[in-house]
*Asks:* 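Take a look at this one; I'll ask things after.
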Amino acid sequence: MFDKVLVANRGEIAVRVMRACEELDVGTVAVYSEADKHGGHVRYADEAYNVGPARAADSYLDQKAIVEAARKADADAIHPGYGFLAENAAFAARVEAADGITWVGPTSDAMERLGEKTRARRVMQEADVPIVPGTTDPVDDPEEVVAFGEENGFPVAIKAEGGGGGRGMKIVRGEGEVEDALASARREGEAYFDNDSVYVEKYLEAPKHIEVQVLADEHGNVRHLGERDCSLQRRHQKVIEEAPSPALSPELREQIGEAARRGVREADYTNAGTVEFLVEDSGATETRREGGGETADPEFYFMEVNTRIQVEHTATEEVTGIDIVRWQIRVAAGEELCFAQDDVGIDGHAVEYRINAENPANDFAPTPGSVETYDPPGSVGVRMDHAIREGDEIGGDYDSMIAKLIVHAEDRDRCLRRSERALEHFTVEGVHTTIPFHRLMLTDDRFLSGEHTTKYLDEELDDAAIEEAVERWGTEPSAGAQREGAAMHELTVEVDGKRYEVAVEDLPRGLAGGVTGSPGASETATASDSVSTGGSGGDDGDSDGPADGDEGMVSGSGEAAVVSDGAIQADMQGTVLSVEVSEGEAVAEGDVLCVLEAMKMENDVLAPAGGTVASVRVTAGETVDMGDTLVMLQ
Ligand code: ADP
């Protein structure tokens, strides 16, 4: 076994890996960026090394700096977590070549075989695993995409070879959209995966996302740990995952599990991995069967392999009782899997809820800010994976996931009921979170039935229902984040022996703060600015955001700007990815003016009305603050 593992990641996943190390009696080393000096993973580790500035490219993605930190710490293994360098075969090769340091993951060769999507598709075809119809070679020419669409029918997905989480994936509904979509998929592929190569596949209309967790050792043993259903997605990003899938028949479950094992064996793969499939809903398959002659199409199609631990591995751990991260480390140390496929049993049901600092009512826009209250649930069947504590600052440098709530019970029904109480007693104040959205899902017939497909949230769920949920169960983001110099604090007061909760707003010195009573409170009072929070305090500047998850950057639109007298202003802190207009240009309502990235979300800033661009105030690559003017329109 190793003496010391360096975890090349941050946030909850870094802490998760360190916990597994501790139980194996292995020392832990954290790396951190300038923005994460006080991050939860730094607090947790035995020792920690600064690897550079906040920008991920200059720190968490700096391969040299990370290997150097491992050298300094005398670590004999590197675990990459997910996101950042986790799927970078070149980095894995670099670690393999470093004397005395072991890569906790598949070999760089296996990563290359499966990491590039077209190669993975070829490998799976050879293993007799059905793939989504499409090309097994990259495409360059818009004509090829058009030809594919004409032959197989639109819509078609153009996907970046290195992409994931919907990042670098563009849906084309007709010939006219091909050219722009191809350019955009390439741009995202290049920007985020350093690879502008793309390929095409059929875009399935109503699939379920089913993925199989696998574990393989260096002694030829390959096991699968059953499937997860990750069909609840918004803009191709997973929001809620569960194990097992409520929608698979035992036969299909068996077939998919075995297909995953075959594929992984064919690729000579070791360590933990996930084989992702799309499963067409049985209605669609049925219709095709009826009109489709003798042989029915397969009901499931291989999509891709994630050659790393995934965010949602926790759901599988809960139902199988197998500590996947512990096995990653043991397998990397050369140990043999000590259980047979038949030993893997599924006990009950588990659901993972991603708690993101986002406002569901504003198209899930990220909401960086200060976590003023953090009070997670507990007790039987409730697991929290997080690296955050009260008083931490959620910065805008990394993605928006701040915690994972995993609920386990003997069956799906009990699990969802237990989830209701866990989410009800999960209090986060200071930033918006996805908690109200999850609570809404627990009242949503489609989700409760387990019949939801990957399109359900984006295409069917009514936005008004989300707004209502946020209104009902949400929290106001910290006033500090909205308005300089003011902050809201909760205060408990007793009047004649009766307890009241009041919200106190403190304003800059010299101004009296207003006090609002909570519903039912009949008293008001005036407070000065000296009221302090019950938070941990003393940790000014803490930044303990999420790890850079396997979630990709996704596109939103029109949510990133406010308009004032023709000035189009950023309504969040972020980076200008591209400027799409120039001075003097005429624009129509809804045209994209520029693209802003914040917490890994790509947001199109749209023209609120037609006009002429009077001036462009920003350039690509520039960082902007909330309220900065991006473009002046006349
Ligand atoms: P990842 O699994 O790494 O998140 P992808 O970017 O390949 O990777 O896919 C993300 C999601 O996009 C899938 O879960 C699915 O909802 C959707 N998707 C991908 N490919 C297709 C396709 N060919 N047809 C329909 N939906 C797709």
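Read the numbers this way: they start at 1 and go in the same order the structure lists the ligands and their atoms.
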*Asks:* Heavy-atom distances under 4.0 Å decide this one: backbone, side chain, both or neither, for Glu304 against ligand 1?
*Replies:*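 Side chain only.
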
*Asks:* For ligand 1, find out whether one of its N or O atoms is nearer than 3.5 Å to an N or O atom of Lys455.
*Replies:*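 There is no such contact.
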
*Asks:* Tell me whether the rings of His41 and Tyr60 are parallel (<30°), tilted (30 to 60°) or perpendicular (>60°).
*Replies:*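 Geometry flag for Tyr60 against His41: tilted rings.
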
*Asks:* At a 4.0 Å threshold, what atoms of ligand 1 neighbour a non-hydrogen atom of Lys202?
*Replies:*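 Counting atoms of ligand 1 from 1, those under 4.0 Å from Lys202 are 22 (C), 23 (N), 24 (N).
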
*Asks:* Could I get the full list of salt bridge (charged side-chain N to carboxylate O under 4.0 Å, His left out) partners for Asp137, not counting sequence neighbours?
*Replies:*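 Asp137: salt bridge (charged side-chain N to carboxylate O under 4.0 Å, His left out) contacts with Arg122.
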
*Asks:* Do any nitrogen or oxygen atoms of Leu204 lie less than 3.5 angstrom from nitrogen or oxygen atoms of ligand 1?
*Replies:*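 Yes, at least one N or O pair falls under 3.5 Å.
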
*Asks:* Show which atoms of ligand 1 fall inside a sub-4.0 Å distance from at least one heavy-atom site of Glu201.
*Replies:*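 Close to Glu201: 20 (N), 21 (C), 22 (C), 23 (N).
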
*Asks:* Judged by non-hydrogen atoms, does Glu211 sit under 4.0 Å from ligand 1?
*Replies:*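 In this structure, Glu211 fails to qualify as a contact of ligand 1 - no heavy atom is under 4.0 Å.
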
*Asks:* Could you list which atoms of ligand 1 come closer than 4.0 Å to a heavy atom of Thr454?
*Replies:*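 With Thr454 as reference, the close atoms of ligand 1 come out as 16 (O).
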
*Asks:* With heavy atoms under 4.0 Å as the rule, classify the contact between Gln233 and ligand 1 as side chain, backbone, both or neither.
*Replies:*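 Looking at Gln233 and ligand 1, just side chain atoms fall under 4.0 Å.
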
*Asks:* As a test of understanding, state which of Arg228, Glu211, His224, Glu352 forms a side chain to side chain donor-acceptor pair (under 3.5 Å) with Thr316.
*Replies:*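 Exactly one pass, corresponding to Arg228.
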
*Asks:* Would you call Lys159 a ligand 1 contact, heavy-atom distance under 4.0 Å?
*Replies:*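 True for this residue.
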
*Asks:* Can His313 and Gln213 be counted as having a side-chain donor-acceptor contact under 3.5 angstrom?
*Replies:*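 No donor-acceptor contact under 3.5 Å links the two side chains.
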
*Asks:* Just by distance, no angles: are the side chains of Glu580 and Ser578 close enough, under 3.5 Å, to form a donor-acceptor pair?
*Replies:*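 Note: Glu580 and Ser578 side chains meet the donor-acceptor criterion.
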
*Asks:* Distance only, no hydrogens: is a donor on one side chain within 3.5 Å (strictly under) of an acceptor on the other, for Thr107 and Asp109?
*Replies:*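 Note: Thr107 and Asp109 side chains miss the donor-acceptor criterion.
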
*Asks:* Which atoms of ligand 1 are found less than 4.0 Å from any heavy atom of Lys117?
*Replies:*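 Selected atoms, number and element: 5 (P), 6 (O), 7 (O).
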
*Asks:* If you draw a 6.0 Å radius around CD in Glu179, do more than 12 non-hydrogen atoms from other residues or ligands fall strictly inside?
*Replies:*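 No.
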
